[in-house]
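To start, the structure itself, in structure tokens.
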Amino acid sequence: MAQSASMEDFEALLNESFEIDTPSEGSVVRGKIIAIEAGQAIIDVGYKMEGRVDLKEFSNPGEAPEVTVGDEVEVYLDRVENARGEAVISRDKARREEAWDRLEKAYAEDSRVEGAIFGRVKGGFTVDLGGAVAFLPGSQVDVRPVRDAGPLMGLKQPFQILKMDRRRGNIVVSRRAILEESRAEQRAEIIGKLNEGDAVDGVVKNITEYGAFVDLGGVDGLLHVTDMAWRRVNHPSEILSIGETVKVQVIKINKETHRISLGMKQLQADPWDSVERKFPLGTVHKGRVTNITDYGAFVELEPGVEGLVHVSEMSWTKKNVHPGKIVSTSQEVDVMVLEIDTAKRRVSLGLKQTMRNPWEVFSETHPIGTEVEGEVKNITEFGLFIGLDNDIDGMVHLSDLSWEQRGEEAIQEYRKGDMVRAVVTEVDTDKERISLSVKALEGDPFAEAVGGVKRGSIITVTVTAIEDGGIEVEYEGMKSFIRRSDLSRDRSEQRPERFQVGDHVDVRVTNIDTKTRRLGLSIKAREIAEEKEAVEQYGSSDSGASLGDILGAALKGEDR
């Protein structure tokens, strides 16, 4: 009995020792390398157990393993025994477990971790973080896109963990975040030393449509195209090239965004300081057309000084024409300085002022009464426009087309393109207007007909028509109308029917209207005038003689 009891005790003790000395599978244990053979390390993990691990598991990617007999290492115990009666152990798994613990701690503290890029995969690279493999997206490799990542392979360098999931075994890291942080520190340090107004040397790194980026030794500044030169610069590549060293002035530093604005022209003399002295008002200068817009053309007087020739100051005659039809870019032109506003840095220029006013020239060369010939350029409801010398037009008003016809009728006989002769009747240089007359080419038949006739004259007319309201008469080819009330002093005799066509009648001229080209005629006025004259000659109102006696005596006198 005593013996069997002791056997049970021994078994219990043995089992207990096994439980104590046998490590649990799936844990990390410490072991000693007792031999290295056939590319493997034989490791004694204690508990009377040994295991084998490939030497490559002891090295980082691209490095040779640095292990020797006697080294103590941590390994992962997968299973206690395999077919050979050995422990199945892994250095990789031990490193991974250890790495995950370390990385999770770094991720929580937002601290950097060290690793090496060792492989290329779709969309990025693989990074060994000392046992754990992480993914480095292509966009997180550098601040700017990297064309060749070869030089970065295998280098020990810091990374920032962006995301990690132990259950899925996912880790995403960034190299760019580290670079940006160091760049920000570097920028802050450089910017701290810069002051607005400083003149510094920089290297042109990049050129865009709107300017150039200049490296000031670790920090970039923007040199805007408008700050490169006082003159107009169409594209920065006109005056800069990549890699060129340039002297620039710090115009502005934004402490919050760390943006630096640079200028080159600020280091040169401002040409506007001497504009008023160099270009006095009223002087004429040669310039080059640099830009054409709908409202005018910009002309460079000297580098950095441009003036605007407004469309209204481009031509005396071409009023509604686009400036591009009058001048072209890069053309050299003579311009007159009309106005200078140094505060707004504006110069108003005139192109037409360098040429004589064509209306003044016309006035000098074509005095009133001069005969001209030109083509009908336009026909309007109030007259004809005739093309004359130097692109100017003259106008023939409806009333100046014909002596005989009404203007509305006369204008029907003209067409665009007809050549027309006319006489200059007026030149108004201020209003830029020339008045012409076609009818003035011939003598005025009305003026000729009434040449010796004055108001009060007695003339003989021929009756041409009898109407209810009066009679129509003719004098030297000019028609006139005598109203019923003017046919006689005696009301009973104011009857048109007492006249016949072809009768010759003496009438008094009461009015000469050159505008309507009409004579005012009256038989009644003639009779009254004759009576007045008879009274003055043959009697007075208080002599007692009757009017009949006086008229009778006057008539007898005429008969004799």
Side-chain angles (χ1 to χ4, degrees), residues 397-411 425 437-560:
H397 193 270
L398 286 177
S399 60
D400 287 309
L401 287 171
S402 169
W403 292 114
E404 308 300 331
Q405 292 175 287
R406 285 171 55 246
E408 289 80 5
E409 293 169 8
I411 202 166
T425 55
S437 173
V438 171
K439 70 183 186 183
L441 287 166
E442 303 163 6
D444 181 356
F446 178 78
E448 288 169 11
V450 301
V453 176
K454 297 177 182 172
R455 272 184 76 179
S457 297
I458 306 294
I459 59 173
T460 303
V461 297
T462 306
V463 178
T464 54
I466 312 294
E467 296 178 17
D468 287 345
I471 61 172
E472 186 187 67
V473 297
E474 184 181 75
Y475 175 73
E476 299 288 338
M478 305 297 302
K479 293 276 177 73
S480 292
F481 190 77
I482 304 173
R483 293 175 301 171
R484 180 187 276 267
S485 60
D486 282 312
L487 291 176
S488 174
R489 194 180 70 127
D490 190 343
R491 288 195 62 156
S492 62
E493 293 297 309
Q494 292 175 351
R495 302 187 325 275
E497 59 269 20
R498 72 187 181 89
F499 296 93
Q500 287 187 342
V501 173
D503 283 357
H504 295 290
V505 183
D506 288 345
V507 295
R508 183 183 173 97
V509 178
T510 56
N511 187 32
I512 300 172
D513 192 333
T514 52
K515 281 193 177 177
T516 60
R517 306 170 58 69
R518 290 269 178 180
L519 286 175
L521 304 175
S522 172
I523 299 170
K524 175 183 175 180
R526 189 209 76 205
E527 291 173 349
I528 292 169
E530 285 175 350
E531 180 185 317
K532 188 178 177 187
E533 191 182 336
V535 168
E536 285 172 356
Q537 276 189 355
Y538 299 103
S540 61
S541 55
D542 57 359
S543 68
S546 71
L547 187 59
D549 295 338
I550 294 167
L551 283 174
L555 291 169
K556 277 179 188 172
E558 280 180 19
D559 290 341
R560 283 198 298 267

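Just so we're clear, the structure is a prediction, and the values are computed from it rather than from any experiment. Residues: numbered from 1 along the sequence shown.
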Anything under 3.5 Å between a donor and an acceptor, one on a side chain of residues 463-471, the other on a protein residue two or more places apart or in another chain? List them.
residue, atom, partner, partner atom, Å
Thr464, OG1, Glu472, O, 3.0
Thr464, OG1, Glu472, OE1, 3.0

Problem - Check: Ile523 and Arg526 side chains under 4.5 Å, non-hydrogen atoms - result: yes
If you look only at distance, which donor and acceptor atoms sit under 3.5 Å apart when one is on a side chain in residues 495-502 and the other is two or more places apart or in another chain?
residue, atom, partner, partner atom, Å
Arg495, NH1, Ser492, O, 2.9
Arg498, NE, Glu493, O, 2.6
Arg498, NH2, Leu487, O, 3.3

Handout entry: Within-4.5 Å side-chain heavy-atom neighbours: Ile482 and Val507
Key = yes
Exercise for the section: May I ask you to test the Ile459-Leu521 pair for a side-chain heavy-atom distance under 4.5 Å? Expected result: yes
Exercise for the section: Would you mind reporting whether Val473 and Ser480 have side-chain heavy atoms less than 4.5 Å apart? Expected result: yes
Handout entry: For Arg455, all residues meeting salt bridge (Lys or Arg N to Asp or Glu O under 4.0 Å), sequence neighbours excluded
Key = none
Fill in the blank from the handout: In this structure, CZ of Arg406 is separated from CD1 of Ile411 (nearest 0.5 Å) by 12.0 Å
Completion exercise
The reported gap from CZ in Arg489 to NZ in Lys524 (rounded to nearest 0.5 angstrom) is 9.5 Å
Fill in the blank from the handout: Residues passing the side chain to side chain donor-acceptor pair (under 3.5 Å) test with Asp506, sequence neighbours excluded, are Thr460
Handout entry: Spatial distance of atom NE2 (His397) from atom OG (Ser437) [nearest 0.5 Å]
Key = 11.5 Å
Handout entry: Glu527 side, atom CD; Asp486 side, atom CG - distance, nearest 0.5 Å
Key = 10.5 Å
Exercise for the section: Identify, with sequence neighbours excluded, every residue that meets salt bridge (Lys or Arg N to Asp or Glu O under 4.0 Å) alongside Arg508. Expected result: none
Practice task
Apply side chain to side chain donor-acceptor pair (under 3.5 Å) to Ser485 and list each qualifying residue two or more places apart in sequence or on a separate chain.
Solution key: none
